[in-house]
Protein chains: 2
Amino acid sequence: MVNIGDVARAAGVARSTASYAMTGKRAVSDEVRMRVRQAAMDLGYTPNAGARALATSRSNVIGLLAQFLPDEFAPAMLQYLQGVTDTARDLGYDILLSSDADGRSALKRITDSRMVDGVVLLNVAEDDDRLPVLRAAAQPGALVGLPRDCTGVDVFDLDFEEAGRVMVEHLARLGHRELILVSQPEHVVERGGAYVWRLQNAALEAAAAKGITLHTVFGAATQPDIGRDLHALLDAHPGATGLLLNNEAAAAALPTVLRSRDLETPGDLSVIGRYSDEFARSFSLPYSSIESAPDRLGRMAVRQLVRRIENQVPESDPYVVRFVHPELVDRGSTALPASRQ
Amino acid sequence: MVNIGDVARAAGVARSTASYAMTGKRAVSDEVRMRVRQAAMDLGYTPNAGARALATSRSNVIGLLAQFLPDEFAPAMLQYLQGVTDTARDLGYDILLSSDADGRSALKRITDSRMVDGVVLLNVAEDDDRLPVLRAAAQPGALVGLPRDCTGVDVFDLDFEEAGRVMVEHLARLGHRELILVSQPEHVVERGGAYVWRLQNAALEAAAAKGITLHTVFGAATQPDIGRDLHALLDAHPGATGLLLNNEAAAAALPTVLRSRDLETPGDLSVIGRYSDEFARSFSLPYSSIESAPDRLGRMAVRQLVRRIENQVPESDPYVVRFVHPELVDRGSTALPASRQ
DNA sequence: TCGATAAGTCGAACCGGTTCGACACGTCGA
DNA sequence: TCGACGTGTCGAACCGGTTCGACTTATCGA
């Protein structure tokens with residue numbers, strides 16, 4: 001394998017000069033720079049990543065800790081990955097992916113061994129057990145998802161409180177008086193998915209403020225069950241004129257349920273979901289929804305992480321907790337309320 | 001950061017001895033081994049990955065080249081990733097993930113810089129432009145998907161020919177005389193997805209051998225279109241009693257289509273799909289299907305790759321092209337044919 | 001009892017980059 | 001005309017591991 005010594009020899013200069021010519025970290029005469037470049041091209045030189053990492057203590061790799069949970073909806077996870085990998089590549093970083101169930105030890109390994117310059121954590125739980133490890137690490141970290149304690153890390157998440165309010169207030173404004181909110185299943189909440197509560201509580205508050213009835217329920221995460229849940233809900237609350245879905249599986253199952261009950265949106269029922277535009281497209285869901293923007297969150301996390309790695313953010317600079325404002329994408333599934341009788 | 005010198009000093013031995021004590025590459029007295037281990041624990045020592053890679057020319061990282069295409073179905077891709085990452089971790093390797101649209105340059109970069117010890121390629125096209133780069137690389141590679149030219153790499157794929165035969169022969173045995181096969185959209189084929197042809201041609205041959213009529217069509221890959229396609233097909237071929245689906249989107253859309261036409265499986269129509277069990281579960285698809293086993297393919301590719309990296313496969317050992325035998329998972333969606341009139 | 005062998009340890013060199021200090025040269029201002 | 005300064009280049013040291021050859025000591029068989 002050709003190394004920088006070979007390049008230097010071919011160009012007739014010292015190794016250090018070859019290095020400076022290629023990295024630009026010191027002034028080099030135009031003529032020498034050309035000779036070195038040419039030699040590197042001719043020999044097909046590529047710097048050895050390990051050697052460079054050793055010398056600079058920088059690997060140009062970002063660690064990505066995901067967890068592929070069976071009840072997470074796959075399309076959303078892939079969008080996170082996409083946002084993260086694309087942005088990293090644009091900024092000159094590669095991605096070291098870990099989907100290890102034991103996130104703690106995976107995180108410790110890749111940070112302690114200096115394989116990565118920084119870390120992005122996905123599926124962050126309210127009391128995420130990876131956070132202590134991350135805080136003890138020498139590298140900075142960015143989270144997608146809001147933990148209870150945000151010290152020492154940069155945090156990005158959808159503003160689920162605002163999302164809950166937007167959903168309720170949108171339908172309230174149209175005159176609805178009784179709504180149903182279907183959340184993620186309870187075990188997602190138990191695992192630390194506090195966003196479920198955040199949206200639900202804000203929705204309940206907004207409903208109370210408007211004097212609206214809001215029925216809340218944790219729906220299942222898989223198809224046959226969630227379909228049954230939806231039927232049962234519509235049976236149980238015949239006066240409800242609006243349906244709010246903080247549950248991807250429920251949104252995917254709804255068209256079939258409504259068809260079999262001969263209900264139409266928005267004529268018989270107004271519906272607002274919470275999922276990504278990509279998700280809506282791939283299932284061709286006709287419901288207005290709060291855009292959950294997974295790719296955008298991944299992108300933001302990487303951007304900030306790289307800023308910190310490259311110290312454009314001085315050490316003293318405060319860590320950020322940034323919420324993406326929930327945007328309601330209108331697909332025409334809401335209207336004035338009509339009795340469902 | 002604590003390095004091996006610190007550990008050696010704390011244990012009262014030479015750096016080399018500390019190294020031998022930890023790697024076990026030379027005999028070391030029990031007493032010294034204990035002292036070194038203890039010192040390493042006390043100091044919280046973790047070897048520097050870059051330094052080790054430089055010294056051993058081994059990174060213990062596997063490159064994973066995927067492409068997140070909008071018309072690939074997300075759940076399947078995630079299953080490939082899962083199979084690859086889990087297996088790699090079990091074998092002591094980390095995963096460097098690239099989803100770069102320009103797979104060629106990404107592959108060249110990570111191999112030339114010695115960041116990885118080997119590479120797994122997903123979404124392999126018939127004339128994949130990454131293959132020349134891979135063959136020129138110093139590291140071994142394993143493919144998921146069958147290219148035209150398999151020299152110099154290990155290849156793993158589902159046996160799509162056999163899958164086509166199994167589908168047709170299963171329904172032929174039940175007495176069906178007219179079938180429809182819905183394949184992936186044409187642009188998947190154009191991109192080099194030869195598996196579409198492989199299944200379709202084998203199915204046509206099998207049908208011819210049995211004297212059965214088989215209508216073939218390239219279906220759309222997204223929901224509203226594929227639903228229309230299915231309706232049109234059922235209209236166009238009222239005599240068909242069996243439906244074969246080599247198209248995930250079609251399978252996902254079928255329940256709605258059948259319900260709206262008031263058709264039941266297997267009473268009115270026998271159906272066989274080709275997708276993973278996981279996919280079937282997450283959409284609760286009630287159709288018997290050929291298991292496409294993406295996680296298993298990922299697992300096999302990594303296993304073989306690691307064998308080659310660690311040279312348990314001597315250089316002379318022939319490269320393998322291994323097909324996973326298609327297994328028909330019976331979900332009760334096939335039966336004796338009935339006229340659909 | 002002696003030499004061959006094995007076990008255990010050490011120091012030095014090496015992997016392939018980067019970076020620091022020193023130095024040679026040319027230019028400019030006083 | 002001379003010293004100060006800026007520019008471009010070089011050699012050596014360093015990052016943190018691994019590995020090779022040499023050396024010491026203990027063990028065994030003849």
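Just so it is clear: chains get the letters A, B, ... in the order the sequence lines come, proteins before strands, and each one is counted from 1.
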For atom [atom1] of [X] and atom [atom2] of [N], their distance in whole Å:
| X | N | atom1 | atom2 | value |
| --- | --- | --- | --- | --- |
| A:Asp6 | C:dG16 | CG | C1' | 10 Å |
| B:Met22 | D:dT18 | CE | P | 8 Å |
| A:Asp30 | D:dT7 | CG | C1' | 12 Å |
| B:Asn3 | D:dT18 | CG | C1' | 14 Å |
| A:Met115 | D:dG17 | CE | C1' | 15 Å |
| A:Arg15 | C:dT18 | CZ | C1' | 9 Å |
| A:Ile4 | D:dG11 | CD1 | C1' | 14 Å |
| B:Arg33 | C:dA7 | CZ | P | 13 Å |

Using a cutoff of under 3.5 Å, can you pull out all pairs of nitrogen or oxygen atoms linking the protein to nucleotides 21-23 of chain D, with atom names and distances?
residue : atom : partner : partner atom : Å
D:dG21  : N7   : B:Arg26 : NH2          : 3.2
D:dG21  : O6   : B:Arg26 : NH1          : 2.4
D:dG21  : O6   : B:Arg26 : NH2          : 3.3

Would you please confirm or rule out a distance under 4.0 Å between OP1 or OP2 of [N] and any side-chain N or O of [X]?
| X | N | answer |
| --- | --- | --- |
| A:Tyr45 | C:dG17 | yes |
| B:Ser19 | D:dT18 | yes |
| B:Thr17 | C:dC10 | yes |
| A:Ser29 | D:dT9 | yes |
| B:Lys25 | D:dT18 | no |
| A:Ser16 | C:dC20 | no |

Please check if any side-chain donor atom of B:Gln304 sits under 3.5 Å from a side-chain acceptor atom of B:Arg307, or the reverse.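 Side-chain D/A pair, B:Gln304 to B:Arg307: present.
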Does some side-chain heavy atom of [Y] sit less than 4.5 Å from a side-chain heavy atom of [X]?
| X | Y | answer |
| --- | --- | --- |
| A:Leu143 | A:Leu131 | yes |
| B:Val32 | B:Tyr20 | no |
| A:Leu107 | A:Arg104 | no |

Distance-only donor-acceptor hits, side chain of residues 115-124 of chain B, under 3.5 Å, sequence neighbours excluded:
residue  : atom : partner : partner atom : Å
B:Asp117 : OD1  : B:Ser59 : N            : 2.8
B:Asp117 : OD1  : B:Ser59 : OG           : 3.1
B:Asp117 : OD2  : B:Ser59 : N            : 3.2
B:Asp117 : OD2  : B:Asn60 : N            : 2.7
B:Asn123 : OD1  : B:Gln67 : N            : 3.2
B:Asn123 : ND2  : B:Gln67 : O            : 3.3

Check: B:Asp112 side chain, B:Arg109 main-chain N or O, donor-acceptor pair, under 3.5 Å: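 No, the answer is negative, given that no donor and acceptor are paired below the 3.5 Å cut-off.
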Is a side-chain donor or acceptor of B:Arg130 paired with a backbone partner of B:Gly103 at a separation under 3.5 angstrom?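 Between the backbone of B:Gly103 and the side chain of B:Arg130 there is no qualifying donor-acceptor contact (under 3.5 Å).
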Does a side-chain N-to-carboxylate-O contact under 4.0 Å join B:Arg89 and B:Asp86?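 Judged by the 4.0 Å cut-off on N to carboxylate O distance, B:Arg89 and B:Asp86 do not form a salt bridge.
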Test: B:Asp128 and B:Arg191 ion pair at under 4.0 Å: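 Result for this pair is no, no salt bridge flagged.
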Residues of residues 48-60 of chain B with any non-hydrogen atom less than 4.0 angstrom from an atom of DNA chain C: list those, numerically ordered, please.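 Of all residues in residues 48-60 of chain B, the ones placing a heavy atom under 4.0 Å from DNA chain C are B:Leu54, B:Ala55.
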